[in-house]
Amino acid sequence: ENQTGSGPFTVSEWVQGDRFVINAVSDHWRKTPLVDTIKGVAVPEQQTRLAMMRTGEADITEMAIGRQPELQEQGFILQGAGLNTQMGVFFAGNLWAENHHITGEKLTRGQVFVHDIPWIGNPLKPNDGNNPDGMDDMEQARVVREALAIAIDRDLINEVILGGQGFPAHIEYFGSVQPEFKDEWKYEYDPKKAMALLTSAGFPDGFDMPFYTGPEFGGGQGLNGEIADAISGFWREIGVETEVLKYAYQVWRPSVVGRSQTTPWITNCGFGKANYPWDWPRGLQMTSRTRGAFGCGFEAPFVADRFVAVASEPDKAKRIELNTEIAEYLRHWNLSVGVVAVPGQIVYNPNSIASWEMTGAVRSAFTSPENIVPASR
C-alpha cells in the first residue's frame with residue numbers, strides 16, 4: 001500500500017496479482033529512462049501471452065523455457081542478466097525454534113507436532129516410541145528427507161523440462177555454480193540407496209505425502225507444476241505416494257505465515273538465486289525472526305544465529321566462512337533440498353525495443369528497465 005524506492009521509476013498504480021504502472025523519474029541521479037511509462041498486466045495463461053506478443057499487444061513477456069526457442073525463431077529477442085532461480089523442496093513443519101530469536105518470547109509450535117509425520121523431526125518428543133533402535137525422531141526425519149533428496153534425478157529434470165538450459169541445484173540459497181560450493185554437498189541420484197534409507201528409518205513400504213507447488217514460474221499450471229510432477233514421479237518410484245497440490249498461492253500463504261503448514265513445497269522461498277555472492281546474508285526466512293510474516297515453513301535457530309552474525313560481520317572472508325556453516329547445516333539436515341536452477345530471461349519485441357542491457361538482477365528477470373532503448377528513438 002505504501003511503495004518505497006529510490007530507482008529511476010516511480011509506481012503510479014499497483015493492483016496485486018492484476019497490473020502495475022510505473023513512470024520514469026525525470027533527471028534521476030542514476031539514469032533518466034528513455035521510456036516514459038511501462039504498463040504490466042498479469043496474464044497467467046502462456047498461450048495468451050504468446051498471442052499478445054505476436055499481435056503486438058505486448059512488447060515484453062516471460063515465457064516458459066520450452067517455448068523460448070520458438071519465439072527466437074520468430075524474431076523475438078531473448079535477454080537476461082545471468083539470474084538463475086534455484087527451485088527446491090522446503091520441508092515445512094520443522095519448527096525447531098523454542099523462543100523468538102528477536103524478542104525471546106516462547107513460541108507456539110505444537111500444532112505441527114500433533115501427528116507423527118515422517119519428514120518432520122519433533123524436538124519436543126524426540127523419543128516417541130516408533131523410531132528404529134538407536135534413532136530418535138529428529139534423526140529419523142533427517143534420514144527420510146535424505147532419501148527423498150537423493151531420489152530426484154536432477155539432470156533428467158534439467159534435460160527434459162528445461163531443455164538443458166538450467167543446471168542441478170542441491171542446497172537452496174547456495175548456488176552450486178559458486179566457487180565456494182563443495183562437490184560433497186551434491187545429492188547424487190540413487191533410488192536404491194533412497195529405498196534403503198527409508199527402510200532404515202522404519203518405512204520399508206514408504207508412506208503417503210502431499211506436495212505443494214509454489215507460485216514461481218506459473219505455479220501449478222506452469223513450469224513449476226511440471227517440475228513438481230516430475231519430482232512426485234521419482235518419489236513414487238521409491239514407495240512415497242505423492243499427491244501434488246496446485247491450488248492458488250493466496251490460499252497457501254497464510255499457513256506459512258502462521259507457521260501451521262506441514263506439507264513440503266517446491267519454491268525458491270524468495271532468495272534462492274544461484275548467482276547471489278556467497279558472503280551475502282541469507283536464511284532469514286528460515287528462522288523465527290520473520291514470525292508474523294512470510295517464512296519458508298521451517299525455523300532453524302542455528303541459521304538465525306549465523307544470519308545475524310553474517311549481517312553484522314564487516315570482514316568478507318569471515319562472512320563466507322559463516323555462510324559456509326549454514327550450507328553445511330542445511331545439507332546435513334536436508335531442510336531445503338535444491339532441485340534445479342532455472343535461467344531468468346525476458347522475451348521482447350525488437351520492433352518496439354531496439355536494445356536492453358540488463359545488469360544487477362537479484363530477484364527478478366525483469367530488471368534494468370531504465371536501460372530500455374525504444375525502437376523509435
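Computation of the quantities below employed the complete heavy-atom set of this structure, encompassing side-chain atoms and omitting hydrogens, waters and symmetry-equivalent molecules. Residue numbers run from 1 in the order of the sequence given.
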Shortest non-hydrogen contact from [X] toward [Y]:
| X | Y | answer |
| --- | --- | --- |
| Asp208 | Trp119 | O-CZ3, 4.0 Å |
| Thr262 | Val112 | CG2-CB, 3.8 Å |
| Lys125 | Asp137 | O-CB, 4.0 Å |
| Asp59 | Gly56 | OD1-O, 4.4 Å |
| Val310 | Arg319 | O-CD, 3.5 Å |
| His100 | Arg289 | CE1-CA, 4.2 Å |

Answer yes or no: is there a side-chain heavy-atom contact under 4.5 Å between [X] and [Y]?
| X | Y | answer |
| --- | --- | --- |
| Leu330 | Val303 | yes |
| Ile326 | Met286 | no |
| Val144 | Phe203 | yes |

Q | Test salt bridge (Lys or Arg N to Asp or Glu O under 4.0 Å) applied to Lys39 and Glu13, step by step | A | CA-CA 9 Å; Lys39 300 177 181 179; Glu13 184 179 6; over 6 Å; no
(Q) Given 3.5 Å as the limit, does a donor-acceptor pair link the side chain of Trp278 with the main chain of Gly175, or not? (A)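 A pair under 3.5 Å: no.
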To the nearest 0.5 Å, what is the distance between [atom1] on [X] and [atom2] on [Y]?
| X | Y | atom1 | atom2 | value |
| --- | --- | --- | --- | --- |
| Ile120 | Trp96 | CD1 | CH2 | 10.5 Å |
| Arg253 | Gln261 | CZ | CD | 13.5 Å |
| Met52 | Asn349 | CE | CG | 12.5 Å |
| Gln345 | Gln68 | CD | CD | 5.0 Å |

Q) Is the shortest side-chain N to carboxylate O distance from Glu184 to Arg331 below 4.0 Å? A)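 Salt bridge: no.
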Q: With side-chain hydrogen bond (donor to acceptor under 3.5 Å, both in side chains) as the test, would you mind laying out the steps for Thr37 and Asn23 before giving the verdict?
A: CA-CA 5 Å; Thr37 301; Asn23 294 317; 2.9 Å; yes
Q: In sequence, state the C-alpha distance, the side-chain angles, and the governing distance for Glu325 and Arg306, and then conclude on salt bridge (Lys or Arg N to Asp or Glu O under 4.0 Å).
A: CA-CA 8 Å; Glu325 292 179 9; Arg306 294 304 183 275; 2.5 Å; yes
Between [Y] and [X], is there a side-chain donor-acceptor contact under 3.5 Å, judged purely by atom types and distance?
| X | Y | value |
| --- | --- | --- |
| Asp27 | Thr32 | no |
| Arg259 | Thr290 | yes |
| Trp185 | Ser176 | no |
| Glu216 | Thr267 | yes |

Q) Should the pair Trp265 and Tyr249 be assigned to parallel (<30°), tilted (30 to 60°) or perpendicular (>60°) ring geometry? A) parallel
Q) If you draw a 6.0 Å radius around CD in Gln16, do more than 12 non-hydrogen atoms from other residues or ligands fall strictly inside? A)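 No, not enclosed.
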Q: Flag yes if more than 12 heavy atoms outside Lys193 fall under 6.0 Å of its NZ atom; otherwise flag no.
A: no
Q: Flag this pair as yes if the NZ/CZ of Arg154 is under 6.0 angstrom from the six-membered ring centre of Phe234 and inside a 45 degree cone about the axis; otherwise no.
A: no
Q) Got a sec, which pairs hit ring pair (Phe, Tyr, Trp, His ring centres under 6.0 Å) with one end in residues 281-319, sequence neighbours left out? A)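 Passing the test, one end in residues 281-319: Phe302-Tyr329.
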(Q) Just checking Trp235 against Phe207, ring centres under 6.0 Å apart? (A)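 Distance test on ring centres: not under 6.0 Å, no.
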Q.
Evaluate Tyr173 against Trp280 for ring pair (Phe, Tyr, Trp, His ring centres under 6.0 Å), listing each step before the verdict.
A. CA-CA 10 Å; Tyr173 285 17; Trp280 283 15; over 10 Å; no
